[in-house]
Amino acid sequence: MSTFDDFDDVGAFEAASLSSRAMAARPTPYLDELNPAQRAAVEAMDGPVLMLAGAGTGKTKALTSRIVHMLMTGRARPPEILAVTFTNKAAREMKERVARMLGQPIEGMPWLGTFHSICVKLLRRHAELVGLKSNFTILDTDDQLRLLKQLVQAAGIDDKRWPARQLAGIIDDWKNRAITPERVPTADAGAYNHKAPRLYAEYQTRLRELNAVDFGDLLLHMVTIFQQHPDVLEQYQRWFRFILVDEYQDTNVAQYLWLRLLASAHKNICCVGDDDQSIYGWRGAEVGNILRFEKDFPGAHVVRLEQNYRSTPHILAAASGVIRGNSDRLGKELWTEAQDGEKVRLIGHWDGEEEARWIGEEIEAIQRGTRGMRPYTLDDMAILVRASHQMRAFEDRFLTIGLPYKVIGGPRFYERLEIRDAMAYFRLVVSPDDDLAFERIVNTPKRGLGDKAQQTIQRIARANGVSLVDGAALAVEMGEIKGKGAKALAQLVTDLARWRRMTRAVVPVQSDDIIDDETRPMEGSPEVSHIELAQIILDESGYTEMWQNDKTPEAPGRLENLKELVKALESFENLQGFLEHVALIMDNDKGDEGAKVSIMTLHAAKGLEFPVVFLPGWEDGLFPSQRSMDESGLKGLEEERRLAYVGITRAEEVCTISFAGNRRIFGQWQSALPSRFIDELPEEHVEVLTPPGLYGGGYGAAGMGGGMSGGMSSGVEARAAEANVYNSPGWKRLQERSQQRPISQPRESRASAIDLEAVSSFTMGERVFHQKFGYGAIIGIEGDKLEVAFEKAGTKKVVARFLSASDDIPF
DNA sequence: GCTGAGTAACTTTTT
DNA sequence: GTTACTCAGC
């Protein structure tokens with residue numbers, strides 16, 4: 001807010017030009033570190049520039065060099081550069097890198113930030129133009145939904161048939177497309193039982209009454225202001241002499257319009273992006289924006305960054321092979337000077353559990369360096385999944401084998417203010433020495449303990465070498481804190497001690513320091529579960545009450561979150577266990593003690609890189625996601641393919657793709673075919689690994705199904721173990737492919753023999769057995785799939801290879 | 001009004 | 001299988 005002083009000040013503007021000229025003679029050593037393409041992108045400063053930067057081609061380097069170049073050559077002062085990113089993280093990194101390159105802390109690049117943060121700044125200045133006050137509040141998704149629920153209810157709509165969440169989605173979509181309530185296209189008007197347009201208008205009115213905006217509004221309001229107030233627009237067009245946009249392929253229509261309005265005068269806009277990495281279409285991103293750039297800005301200078309500094313040629317070739325399947329592309333071909341390295345490794349498994357088990361073992365083997373590669377640390381490795389529910393299998397497995405891991409991009413729940421407050425109370429009860437926690441809650445809720453009282457507590461605690469809690473007790477005793485505050489503080493201290501006794505009544509604290517008579521569990525001290533205790537703490541501390549009395553629109557949501565927090569305790573034995581768990585989650589960006597394998601979604605992995613990458617779950621339906629294809633058809637499939645491209649290009653040296661023949665989805669076992677993207681991997685860059693179950697041991701068969709554990713002859717067991725892998729559809733497809741090529745797997749002949757057997761051995765009506773579904777009868781045959789009516793699992797379509805004639809299994 | 005049971009839904013996520 | 005949300009019952 002304070003940075004607005006930079007504006008409107010003609011004097012400052014003139015001064016800027018002057019100082020610019022003074023800077024013009026500075027050397028430009030950073031240019032020598034760039035390759036020709038990067039350098040071209042940096043030096044083309046005037047007019048529109050599209051920097052098509054493939055994965056790992058030094059995009060950020062080029063972008064930051066460009067900023068530095070503008071500053072060093074005196075073309076612009078820091079505040080005259082508008083540089084937008086999507087995430088705070090990206091903005092932070094860019095700031096740091098520019099500062100590092102300049103060799104000095106960067107004073108004032110006030111307009112380097114996310115779309116949203118920049119729009120907040122702008123909107124606070126011009127809020128009145130859209131009927132807001134400059135101190136408007138920003139609603140998060142929860143607040144937004146709650147508001148919409150109220151409106152839906154008030155409109156007498158059955159929110160069971162028409163969930164508010166759906167309406168929220170529609171409105172978000174409109175806002176992403178810069179559609180105001182008056183301009184809802186007729187094609188969209190039928191949404192939400194024809195009531196969406198009216199509810200949208202009501203929602204906007206309500207927001208205005210509350211002096212609030214949602215995330216979408218930040219952009220939308222600014223676009224509206226720029227469109228309706230040419231004078232305002234002109235001011236910024238003049239001020240922002242150069243515009244840079246990161247991840248341009250992720251911009252939505254509103255962001256696009258906003259940029260185009262700002263750039264339309266001088267057209268000094270440089271957009272950086274990669275159409276092949278556009279993976280956010282589902283939240284409004286328009287690949288079209290980047291595809292259309294040259295039409296939007298005629299005469300645009302297009303620079304392709306294609307030299308990759310990240311991955312081996314095999315990995316790049318595999319990624320290229322996949323992305324080639326997309327039609328709407330600007331076209332880039334990554335190349336590298338790196339040595340060949342490992343081929344992309346491909347492996348099929350019987351089911352998801354086995355996949356997790358194999359990856360766990362493989363990670364340990366790679367870590368030990370027993371895979372014929374250089375040894376890697378756990379930090380070097382990452383598992384990238386399509387959907388977050390896939391993470392569970394890995395977490396379960398890694399917990400049992402004690403493999404350290406971290407989940408990236410987990411819930412943001414624990415970052416909320418009220419959750420942090422509540423956690424601070426819990427922490428203080430579990431460990432009274434937690435001074436940070438004490439500081440956080442000492443005056444929350446308000447206890448009349450301001451800065452002064454807190455300083456007193458600090459001083460006394462430090463003087464006596466005790467924790468803040470003890471210091472607070474002393475301060476009261478010594479009469480250093482008086483009046484209302486003293487009473488409240490004394491109450492807090494005794495409450496904390498009392499709650500602590502209640503923990504001890506159930507779970508003894510391990511660090512038994514200072515157990516005096518006061519803190520020892522008293523006879524008849526109430527025995528409560530940690531869940532009840534948590535509730536007691538929140539209630540008796542007055543924290544719950546504080547939010548109940550709060551009239552702001554976010555208060556109900558905060559209370560709901562607190563309820564959720566208490567509920568989250570249910571899956572833990574005690575408060576300590578819970579706190580440790582949460583501490584780990586919260587630590588995942590800072591506390592990096594000890595190397596850990598990273599687990600994250602493909603979306604979360606964008607922009608990251610790892611020497612060793614595992615890409616599990618490459619099965620049709622999961623990846624590419626069935627839903628994506630159903631909802632968005634070919635467009636959806638292409639986005640999934642880009643996701644695959646993003647995944648592969650995260651890998652620097654070793655990339656392992658895997659799939660499972662069977663997976664439990666929503667409690668139901670489903671068999672699946674390997675992802676079509678696997679077919680698109682160029683074979684000369686792929687090495688097919690042999691799954692462990694092949695070696696005949698009972699290991700692979702062990703987890704397969706309870707029904708076969710007893711009384712099975714060893715011959716059958718061996719066959720079942722083979723069936724694990726040989727009979728999986730994915731394996732079969734691999735075999736078919738390797739048959740076409742001279743490079744074949746050692747066991748090919750045996751496998752295909754079994755295949756042939758499997759194909760021909762079933763007839764209509766035959767009684768069959770399936771490892772997961774149990775017994776059933778064949779009621780239909782379609783190509784390589786059989787329709788089977790299972791006794792327990794219902795009718796399913798299964799691939800023949802998963803079935804055995806029922807008399808194979810002796811009972 | 002709150003708890004318990006039953007049911008429906010169930011990608012991806014930043015701001 | 002899990003979770004979140006709704007409805008019924010206390």
Side-chain angles (χ1 to χ4, degrees), chain A residues 84-92 113-121 123 137-145 149 153 158-161 163-166 168-169 172 175-176 213-222 246-247 250-252 254-255 258 277-285 352-353 384-393 396 408-413 415 531 535 548 560-561 563-564 566-568 570-571 600-607 617 619 621-632 636 639-640 642-644 646-647 663-670:
Chain A
V84 267
T85 64
F86 275 87
T87 64
N88 288 312
K89 192 178 159 213
R92 210 184 316 125
T114 64
F115 276 102
H116 294 271
S117 68
I118 287 170
C119 281
V120 171
K121 275 192 193 175
L123 190 57
T137 52
I138 303 165
L139 267 45
D140 65 20
T141 319
D142 285 346
D143 306 322
Q144 182 193 22
L145 196 63
K149 265 185 186 152
Q153 231 151 36
D158 177 13
D159 69 344
K160 196 159 183 190
R161 275 189 63 199
R165 190 174 292 278
Q166 190 189 332
D172 275 347
K175 288 188 175 178
N176 285 338
V213 298
D214 63 21
F215 289 122
D217 281 339
L218 294 172
L219 262 300
L220 183 54
H221 283 328
M222 280 320 298
D246 192 18
E247 306 280 16
D250 288 339
T251 50
N252 61 34
Q255 288 156 341
W258 185 81
Q277 291 188 67
S278 162
I279 55 175
Y280 284 108
W282 50 274
R283 66 176 195 213
E353 271 172 49
L384 312 182
V385 297
R386 173 73 239 293
S388 51
H389 64 74
Q390 288 172 262
M391 294 180 184
R392 194 199 191 96
D396 285 351
I408 309 284
R412 239 150 288 282
F413 180 72
E415 288 171 25
I531 299 162
Q535 194 60 61
Q548 279 163 351
E560 271 176 53
N561 288 337
K563 231 162 118 184
E564 262 183 78
V566 175
K567 222 178 126 197
E570 282 168 18
S571 31
M600 69 189 90
T601 63
L602 287 162
H603 284 91
K606 197 174 129 193
E619 294 126 43
L622 217 198
F623 187 42
S625 142
Q626 192 58 50
R627 184 149 167 191
S628 178
M629 292 186 293
D630 289 347
E631 282 176 7
S632 317
E639 182 153 315
E640 296 287 309
R642 290 193 290 267
L643 211 41
V646 167
R663 208 175 276 282
R664 197 164 47 188
I665 300 166
F666 310 140
Q668 288 268 293
W669 281 97
Q670 308 228 254

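FYI, side chains are in, hydrogens and waters are out, and symmetry mates aren't considered; it's all heavy atoms of this structure. Every chain is numbered from 1 and lettered A, B, ... according to where its sequence line falls, protein lines coming before strand lines.
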*asked:* If you compare all heavy atoms of A:D250 against all heavy atoms of A:A285, which two are closest, and at what distance to 0.1 Å?
replied: O-CB, 3.3 Å
_Can you tell me which nucleotide in B:dC10, B:dT12, B:dT15 comes closest to the side chain of A:R627?_
B:dC10
*Sequence neighbours left out, what passes salt bridge (charged side-chain N to carboxylate O under 4.0 Å, His left out) with A:E619? Give chain and number order.*
A:R663
*Check the pair A:L220 / A:F215 against side chain to side chain contact (heavy atoms under 4.5 Å, CB included), numbers first and verdict last.*
CA-CA 9 Å; A:L220 183 54; A:F215 289 122; over 6 Å; no
Starting from [atom2] on [N], measure out to [atom1] on [X] and report it in whole angstrom.
{"X": "A:E247", "N": "B:dT15", "atom1": "CD", "atom2": "P", "value": "13 Å"}
{"X": "A:N252", "N": "B:dT15", "atom1": "CG", "atom2": "P", "value": "14 Å"}
{"X": "A:Q277", "N": "B:dT14", "atom1": "CD", "atom2": "C1'", "value": "17 Å"}
{"X": "A:M600", "N": "B:dT14", "atom1": "CE", "atom2": "P", "value": "12 Å"}
{"X": "A:R283", "N": "B:dT15", "atom1": "CZ", "atom2": "C1'", "value": "8 Å"}
{"X": "A:D630", "N": "B:dA9", "atom1": "CG", "atom2": "C1'", "value": "16 Å"}
{"X": "A:K606", "N": "B:dT13", "atom1": "NZ", "atom2": "P", "value": "12 Å"}
{"X": "A:M629", "N": "B:dT12", "atom1": "CE", "atom2": "C1'", "value": "14 Å"}

Which residues pass the side chain to side chain donor-acceptor pair (under 3.5 Å) test with [X], sequence neighbours left out?
{"X": "A:S625", "result": "none"}
{"X": "A:H603", "result": "A:W282"}
{"X": "A:S628", "result": "A:E640"}
{"X": "A:D217", "result": "A:K175, A:Q204"}

*Does the aromatic ring of A:F115 sit over the six-membered base ring of B:dT15, closer than 5.5 Å centre to centre and tilted less than 30°?*
no
_Side-chain N or O of A:T601 closer than 4.0 Å to phosphate OP1/OP2 of B:dT11_ = no
*Looking at residues at least two apart in the chain, or sitting in another chain, which of them share a side chain to side chain contact (heavy atoms under 4.5 Å, CB included) with A:S388?*
A:M391, A:T601
*Got a sec, which residues hit side chain to side chain contact (heavy atoms under 4.5 Å, CB included) with A:E631, two or more places apart in sequence or on another chain?*
A:R627
Classify the nucleic acid contact of [X] as base, sugar-phosphate or nothing, counting any heavy atom under 4.0 Å across all strands shown.
{"X": "A:S628", "answer": "base"}
{"X": "A:T87", "answer": "sugar-phosphate"}
{"X": "A:E640", "answer": "base"}

*Taking atom C1' in both C:dT6 and B:dT11, what distance in whole Å separates the two?*
24 Å
*Between B:dT14 and C:dT3, how far is it from one C1' atom to the other, in whole Å?*
24 Å
*asked:* Suppose we call a contact any N or O donor and acceptor under 3.5 Å apart; does that hold for the side chain of A:R386 and the base of B:dT12?
replied: yes
_Measuring from atom CZ of A:R386 to atom CG of A:L622, what distance do you get when rounded to the nearest 0.5 angstrom?_
8.5 Å
Protein N or O to nucleotides 1-3 of chain B N or O, pairs below 3.5 Å:
none

Can you check nucleotides 1-3 of chain C for protein contacts, nitrogen or oxygen pairs under 3.5 Å, and list what you find?
from, atom 1, to, atom 2, distance (Å)
C:dG1, N7, A:F666, O, 3.4
C:dG1, O6, A:F666, O, 3.2

